[in-house]
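Structure, as structure tokens:
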Amino acid sequence: MRVLTAAEIRGLESCAVESGVSMETLMENAGAEVAAAVTEKMDVTGKKTVILCGKGNNGGDGFVAARLLAAEGAKVTVVLMQGAPASDLAKQAYDKMGRGIEIIMYRTAGGAVDAADVIIDAVFGFSFHGRLPSVMEPLLARAAENKKAFHISVDIPSGAVCDTGAVEGACFKADLTVTFTAMKPAGVVYPAAGFGGMTVVRQVGIKEEHLEMLPCDTESVLLGNICPLFPKRDPEGHKGTYGRLLMICGSVGMAGACIMAARAALRSGVGLLNIAIPHALYPILAPAVPEAIFTLYDPTEAPGEAVLDAIDKASACLVGCGLGTAPYAAKLVDAVLENAHGTVVLDADALNILAKTPEKLLVPQAPVIITPHPGEMCRLNGRTMAELRADRLQTARVFAQTYRVITVLKGAGTIIAAPSGETRVNTTGNPGMAKGGSGDVLAGITGALCAQNMQPFEAAYSAVCIHGAAGDLCAEALSQHGMLPTDLIEKLPQVFLQIEGK
Ligand SMILES: NC(=O)C1=CN([C@@H]2O[C@H](COP(=O)(O)OP(=O)(O)OC[C@H]3O[C@@H](n4cnc5c(N)ncnc54)[C@H](OP(=O)(O)O)[C@@H]3O)[C@@H](O)[C@H]2O)[C@H](O)CC1
Ligand SMILES: [K+]
């Protein structure tokens, strides 16, 4: 699904106005969609409906919804959160509400919020910036404490910034967000996406042709979106047809990371898996991954012929899971960056090794995918965690463009950014996946898809989506508490069944 910024939505609004659709109509339709979302959920007759309205057009949408819900028999209270409406449109909508709707100031609204059956958040929309005024915090906290009420946000949960998904202070917590015209970053990028509940996109009068003509480089990803990227396997195919992945992963004390990445790669369709490990790991790895072949190396020496030959032959290289950061590991990373022909996937310790010299990412001729978690990202770009959380989208984009690497910034709503500016936001997965080892599984899937010659950007976001879909199947079957990263690997065949079936 395409994801549009506030500026893009404003541009579309102008096109709509030029083509004869008035702003009043857009607002009327927006308010009507909010009212419809409530009436679809319940019979509103006599229901105590509290609408928190700001001074701008988001508040204006709230006034329209107030009028329409009152007409349906709801007992509506409008709470003015910033005093009288300020925009002409909002003023018109306010004046049109007529009698029969209670209007109160936020300071006296606590009781109404406590008793409400429905609470509608129309305080701020896509023009919000910074943090929610602290005077509003107590009322929002009371709204959240009223668990029996149905909470709806208009366009964007108030407190969240539209284009970044940042939430600096308090934020309205919604069960449902009715957003207009297109999905916005705040609907899919965390932390904001965690406040909006389910987000539905509703059309308010902007012509489809205007919407389709708008170039858009950001999309959210669901399993259904990636199915067309997986052609049927060739009936005459052999193991050579499906790529040769070289993994340089694992070290004494961290064999598990290598095993999980290897098993995930094998469960993701790769033809041949070659694992380069120190001699000491062979007795552990060989029985754990019987399908793989092994290139053994001596960690006290520089990468030898065998490793260089394996790099040369690989259609993709995955480096870093459980590799450690010893000097020999750094030499292995350099050997891959300098010699790889196929896509290079760098995870975990490979990223820690490169943290002091990220410019080395510019060395490879081959495409590079990096898969940092937020801590690794901060080590690579020298920024703080607070700076990262303030704009995860831009953090991934800037790094991708600066170092010309596909950047997979992991976390809830993983961001996948290409050097071209193309960006994807993943929508699969759940907090049950937040466990050590989950990243190794993702790295294995990514390496396997790259080895099979999928385009690197498509491979990166497909891997993230598949990994999350496996996580969702695990959560259903095993619970978020009880599921393990190794369970993700066992669920991969079920995810590929869905992909192959479409
Ligand atoms: N096509 C559509 O999608 C339509 C959307 N509509 C709705 O309109 C809003 C956007 O309305 P807008 O009037 O531009 O702004 P907001 O309602 O989001 O915000 C109102 C003002 O609040 C101020 N602001 C911003 N941040 C803060 C803050 N941290 N503290 C206090 N005040 C803040 C800001 O004014 P400034 O002068 O401070 O910049 C805003 O102007 C959209 O989301 C939809 O809900 C229309 O219905 C038309 C169709
Ligand atoms: K809102």
Side-chain angles (χ1 to χ4, degrees), residues 4-19 21-35 37 51-65 68 79-94 96 106 119-137 139-140 143 151-164 166-187 192 195-197 199-207 210-211 214:
L4 300 185
T5 61
E8 287 166 334
I9 299 284
R10 283 193 196 99
L12 286 168
E13 266 176 23
S14 311
C15 287
V17 171
E18 276 165 29
S19 69
V21 184
S22 71
M23 285 298 289
E24 287 82 354
T25 304
L26 296 179
M27 183 175 279
E28 186 66 25
N29 292 343
E33 287 295 345
V34 174
I51 309 186
L52 311 176
C53 295
K55 66 176 180 179
N57 290 343
N58 196 254
D61 298 346
F63 299 140
V64 172
L68 298 175
V79 180
L80 298 178
M81 299 293 283
Q82 296 179 292
S87 81
D88 289 345
L89 269 181
K91 276 183 201 154
Q92 278 179 43
Y94 179 84
K96 241 176 130 181
Y106 71 90
I119 304 174
I120 299 179
D121 149 38
V123 188
F124 296 113
F126 57 51
S127 296
F128 177 79
H129 49 85
R131 56 188 299 141
L132 202 87
S134 53
V135 288
M136 293 184 188
E137 283 182 20
L139 201 60
L140 259 61
H151 297 75
I152 300 195
S153 278
V154 178
D155 208 15
I156 288 159
S158 298
V161 180
C162 177
D163 290 356
T164 61
V167 177
E168 267 185 53
C171 188
F172 188 85
K173 184 92 178 72
D175 302 305
L176 178 76
T177 297
V178 180
T179 198
F180 310 121
T181 308
M183 185 62 83
K184 323 275 161 45
F195 286 91
T199 299
V200 294
V201 180
R202 294 288 178 254
Q203 293 310 318
V204 292
I206 282 158
K207 290 204 172 82
H210 287 150
L211 202 50
L214 191 77

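One-based numbering, in listed order, for ligands and for the atoms of each.
Side-chain atoms of T5 and D163 include no donor-acceptor pair closer than 3.5 Å. Between the side chains of S134 and E137, not a single donor N or O lies within less than 3.5 Å of an accepting N or O.
If you put the vertex on the K ion (ligand 2), OG of S158 and OD1 of D121 sit 40° apart, to the nearest 10°. Considering the K ion (ligand 2) as centre, the angle to OD1 of N58 and to O of F124 is 70° (10° rounding).
Rounding to the nearest 0.5 angstrom, the gap separating the CE atom in M27 from the CD atom in E13 is 9.0 Å. Between K96 atom NZ and E24 atom CD the span is 8.5 Å, to the nearest 0.5 Å.
The shortest N or O to N or O distance between R10 and ligand 1 is not under 3.5 Å. Between I9 and ligand 1, not a single N/O pair is under 3.5 Å apart. In terms of polar-atom proximity, D61 is counted as a contact of ligand 1, with an N or O under 3.5 Å from an N or O of the ligand.
Nearest to atom 5 (C) of ligand 1 by heavy atom, out of M27, E13, Q203, is E13. Of the candidates P133, G205, A90, S153, the one placing a heavy atom closest to atom 30 (N) of ligand 1 is P133. Distances from atom 39 (O) of ligand 1 to the heavy atoms of Q82, H129, K55, E168 show the closest one on H129. Across the listed options V178, V123, D155, L12, D155 owns the non-hydrogen atom lying nearest to atom 42 (C) of ligand 1.
For the ligand labelled ligand 1, residue I206 lies inside the 4.0 Å heavy-atom shell. Note on ligand 1: G60 sits outside its first shell, no heavy atom being nearer than 4.0 Å.
Using modelled atom types, no side-chain atom of D61 and backbone atom of F63 make a donor-acceptor pair closer than 3.5 Å. Between the T179 side chain and the D155 main chain, a donor and an acceptor come within less than 3.5 Å of each other.
Atom 16 (P) of ligand 1 is approached by the protein to below 4.0 angstrom, counting heavy atoms only.
Scanning the protein heavy atoms around atom 24 (N) of ligand 1, the nearest turns out to be F124 CE2, 3.7 Å. Annotation: atom 13 (O) of ligand 1 to nearest protein heavy atom, N57 N, 2.9 Å. Closest to atom 10 (C) of ligand 1 among all protein heavy atoms lies F126 CE1, 3.5 Å.
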side-chain hydrogen bond (donor to acceptor under 3.5 Å, both in side chains) between K55 and S87: does it pass, once the steps are laid out?
-> CA-CA 7 Å; K55 66 176 180 179; S87 81; over 6 Å; no
